[in-house]
Student: 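Following this message is one structure expressed as structure tokens.
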Amino acid sequence: MTTPTGSMGLIVVGAAGRMGQALIRTIADIEGVHLTGAIERPGSDALGKDAGELAGLGSNGVIVTDDALPVFAQAEGVLDFTAPAATLGFAELAAQARIVHVIGTTGMDESHEARLHAASRHARIVKSGNMSLGVNLLSVLVRQAAKALEASDWDIEVLEMHHRHKVDAPSGTALLLGEAAAEGREIGLGQHSVRIRDGHTGPREPGTIGFATLRGGSVIGEHSVLLAGEGETVELTHRAIDRSIFARGAVRAALWARAQKPGYYSMLDVLGLADH
Ligand SMILES: NC(=O)C1=CN([C@@H]2O[C@H](COP(=O)(O)OP(=O)(O)OC[C@H]3O[C@@H](n4cnc5c(N)ncnc54)[C@H](OP(=O)(O)O)[C@@H]3O)[C@@H](O)[C@H]2O)C=CC1
Ligand SMILES: O=C(O)C1=N[C@H](C(=O)O)C[C@H](O)C1
């Protein structure tokens, strides 16, 4: 198969995962990008298989490998929805290769973030807890609502539900929405969040942002931000119905980042929503 001139060559890491397969299908659907590599961890059953067949597309000639270095050297971008330790390794490789690194992996802590910022001196990193247009627009609305509704009268709670396989909580999206609410209130989320309630908790502390987590079945991702006042409640909700919304966002981020300088960007930058 010939590659159209100017098309961006992309690697999918975690190619056998739920998001890895959605990314391989989405890349095949979008003009201006093509798959140059598919990576899985050493020992994975997917090694040696055809990435297109793995994703249900039929053969595309890209064989899944655990040998990342030569694959990174031949690509312009990497789409990464894996796990925190894996993402740190891929960030170093993306920095060495001076390519775009789109990161959807969640569950990363402050020490991980520091290492990603170091890698972004050479790589163009776009990272978001949610790559969908809808959630990023929702975060702008949450920031506005939190700003408009007085903290003394309106309590904020973030509720999320995901499938039974999810390993981190609260979800990256719940934290992103909590950050948006905290920005609207001009407070730090770290000092004002309540992540667990159990037993005799006492009354709710004013000005805090609460999180509640549900897990079960095959739910792709549902998030609500509730603003609860005296006698009324406002609910802002997003429901993911198909993983392709995240994959399309990731490809859009890669194409956008291709034209940027090395640095650390968010999906709000990609979508032009950063200062709204
Ligand atoms: N930001 C966003 O918009 C979204 C983010 N996510 C996040 O993406 C991540 C992945 O989610 P999901 O696809 O459901 O998870 P999966 O477990 O289905 O996929 C992760 C894949 O990464 C592989 N992997 C792990 N370590 C390595 C490694 N060192 N090298 C190569 N591959 C590796 C896993 O292999 P193995 O199973 O063999 O360990 C697995 O195939 C999660 O953090 C999730 O929260 C998900 C959806 C949207
Ligand atoms: O693990 C998932 O599946 C998802 N993870 C992301 C998160 O942690 O918010 C995004 C999406 O909700 C699906």
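In what follows, every heavy atom counts, from backbone to side chain, and hydrogens, waters and symmetry copies are set aside.
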Student: Please check this pair: side chain of T208 against backbone of E205, looking for a donor-acceptor N/O pair closer than 3.5 Å.
Tutor: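 It does hold such a pair.
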
Student: If we only count heavy atoms from C-beta on, is the V126 to I103 side-chain gap below 4.5 Å?
Tutor: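 The answer is no; the side chains never approach within 4.5 Å.
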
Student: Tell me the ring pair (Phe, Tyr, Trp, His ring centres under 6.0 Å) pairs involving residues 95-119, sequence neighbours left out?
Tutor: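 Qualifying pairs, neighbours excluded: H117-Y264.
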
Student: Honestly curious: do I125 and V33 fall in one hydrophobic cluster under the side-chain, below-4.5 Å linking rule?
Tutor: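 No, separate clusters.
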
Student: Scan for ring pair (Phe, Tyr, Trp, His ring centres under 6.0 Å) pairs involving residues 214-246, sequence neighbours excluded, and state none if there are none.
Tutor: H162-H223

Student: Please tabulate, for the side chains in residues 5-14, all donor-acceptor contacts under 3.5 angstrom to protein atoms that are two or more places apart in sequence or on a different chain.
Tutor:
{"from": "S7", "atom 1": "OG", "to": "H34", "atom 2": "ND1", "distance (Å)": "2.7"}

Student: CD of Q21 to CG of L57: how many Å apart, nearest 0.5 Å?
Tutor: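 Separation between the atoms: 9.5 Å.
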
Student: Does anything in residues 85-98 form a salt bridge (Lys or Arg N to Asp or Glu O under 4.0 Å)? List the pairs, not counting sequence neighbours.
Tutor: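 Counting only pairs at least two positions apart or across chains, the salt bridge (Lys or Arg N to Asp or Glu O under 4.0 Å) contacts touching residues 85-98 are E92-R115.
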
Student: Output all residues satisfying side-chain hydrogen bond (donor to acceptor under 3.5 Å, both in side chains) with S224, sequence neighbours left out; order by chain, then residue number.
Tutor: T237

Student: Just grab all the salt bridge (Lys or Arg N to Asp or Glu O under 4.0 Å) pairs involving residues 118-142, residues at least two apart or on different chains.
Tutor: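 Counting only pairs at least two positions apart or across chains, the salt bridge (Lys or Arg N to Asp or Glu O under 4.0 Å) contacts touching residues 118-142 are E113-K127.
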
Student: Look at atom CG of D45 and say whether more than 12 heavy atoms of other residues, nucleotides or ligands are closer to it than 6.0 Å.
Tutor: no

Student: Which is it for L69 and Q96 under the side-chain contact (heavy atoms from CB on, under 4.5 Å) test, yes or no, and what are the steps along the way?
Tutor: CA-CA 10 Å; L69 204 57; Q96 279 167 29; 4.0 Å; yes

Student: Report whether I241 and V219 are members of the same hydrophobic cluster (ILVMFWY, side-chain heavy atoms less than 4.5 Å apart, transitive linking).
Tutor: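 Different clusters.
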
Student: Determine which pairs satisfy salt bridge (Lys or Arg N to Asp or Glu O under 4.0 Å) with at least one residue from residues 47-74, sequence neighbours left out, and list them in order.
Tutor: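 Qualifying pairs: none.
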
Student: Could you tell me whether the side chain of E150 reaches within less than 4.5 Å of the side chain of R185, counting heavy atoms only?
Tutor: no

Student: Can you tell if the side chain of R18 reaches within under 4.5 Å of the side chain of H163, non-hydrogen atoms only?
Tutor: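 With C-beta onward as the side chain, the pair touches.
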
Student: Would you say R25 and S244 make side-chain contact, with heavy atoms under 4.5 Å?
Tutor: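 Side chain of R25 against side chain of S244, heavy atoms only: no contact under 4.5 Å found.
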
Student: To the nearest 0.5 angstrom, please state how far the OG atom of S132 sits from the CD1 atom of I245.
Tutor: 4.0 Å

Student: According to a hydrophobic-cluster definition based on side-chain heavy atoms being under 4.5 Å apart (Ile, Leu, Val, Met, Phe, Trp, Tyr only), do L23 and I99 belong together?
Tutor: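 L23 and I99: separate clusters.
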
Student: Would I39 and V64 count as a side-chain contact (heavy atoms from CB on, under 4.5 Å) if you check the C-alpha gap in whole Å, the side-chain angles of each, and the deciding distance to 0.1 Å?
Tutor: CA-CA 5 Å; I39 312 276; V64 180; over 6 Å; no

Student: Under the salt bridge (charged side-chain N to carboxylate O under 4.0 Å, His left out) rule, collect the residues that match up with D269, sequence neighbours excluded.
Tutor: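 Here no residue qualifies.
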
Student: For residues 71-78, dump all side-chain donor-acceptor pairs below 3.5 Å to protein atoms at least two apart in sequence or in another chain.
Tutor:
{"from": "E76", "atom 1": "OE1", "to": "R258", "atom 2": "NE", "distance (Å)": "3.0"}
{"from": "E76", "atom 1": "OE2", "to": "R258", "atom 2": "NH2", "distance (Å)": "3.0"}

Student: Do L226 and L141 sit in one hydrophobic cluster, given that two such residues count as connected whenever their side-chain heavy atoms are within less than 4.5 Å of each other, even indirectly?
Tutor: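 No, no single cluster joins them.
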
Student: Which residues, ordered by chain and number, are linked to V234 in its hydrophobic cluster, where ILVMFWY side chains connect at heavy-atom gaps below 4.5 Å, directly or through other members?
Tutor: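 Same cluster as V234: V135, L138, V142, L149, W154, I156, V158, L175, L176, L177, I187, L189, I209, F211, V225, L227, L236.
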
Student: Sequence neighbours excluded, which residues qualify as salt bridge (charged side-chain N to carboxylate O under 4.0 Å, His left out) partners of K166?
Tutor: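 Residues passing salt bridge (charged side-chain N to carboxylate O under 4.0 Å, His left out) with K166: D168.
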
Student: Looking at E160 and R215, is there a salt bridge between them, counting it only when a charged N and a carboxylate O are closer than 4.0 Å?
Tutor: yes

Student: Any chance you could lay out the side-chain contact (heavy atoms from CB on, under 4.5 Å) test for V102 and V251, step after step, and finish with the verdict?
Tutor: CA-CA 8 Å; V102 177; V251 171; over 6 Å; no

Student: State, with a plain yes or no, whether a side-chain heavy atom of M19 is found less than 4.5 Å away from one of L79.
Tutor: no

Student: May I ask you to test the S139-L268 pair for a side-chain heavy-atom distance under 4.5 Å?
Tutor: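 Yes - at least one pair of side-chain heavy atoms lies under 4.5 Å apart.
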
Student: Do you know the tightest heavy-atom contact between A22 and R243?
Tutor: CB-CB, 4.1 Å

Student: Indicate the atoms forming the closest heavy-atom contact of A169 with T213, along with that distance.
Tutor: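 Smallest heavy-atom distance, with atoms named: CB-CG2, 3.9 Å.
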
Student: Taking only residues at least two apart or on different chains, which pairs with a member in residues 32-42 satisfy salt bridge (Lys or Arg N to Asp or Glu O under 4.0 Å)?
Tutor: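 Not a single pair qualifies under salt bridge (Lys or Arg N to Asp or Glu O under 4.0 Å).
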
Student: Return yes if some donor-acceptor pair links the side-chain N/O of T201 with the main-chain N/O of R197 below 3.5 Å, else return no.
Tutor: no

Student: Can any side-chain N or O of N136 pair as donor or acceptor with the backbone N or O of N130 at less than 3.5 Å?
Tutor: yes

Student: Check the side chains of T82 and T87 for a donor-acceptor pair under 3.5 angstrom, ignoring hydrogens and angles.
Tutor: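 Checked: T87/T82 side chains pair up, N/O donor to acceptor below 3.5 Å.
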
Student: So, taking the atom named CG in L159 and the one named OG in S171, what distance separates them when rounded to the nearest 0.5 Å?
Tutor: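 Reported value, rounded in 0.5 Å steps: 10.0 Å.
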
Student: Quick one: CZ on R248 to OG1 on T26, what's the gap to the nearest 0.5 Å?
Tutor: 7.0 Å

Student: So, taking the atom named CG in D242 and the one named CZ in R239, what distance separates them when rounded to the nearest 0.5 Å?
Tutor: 16.0 Å

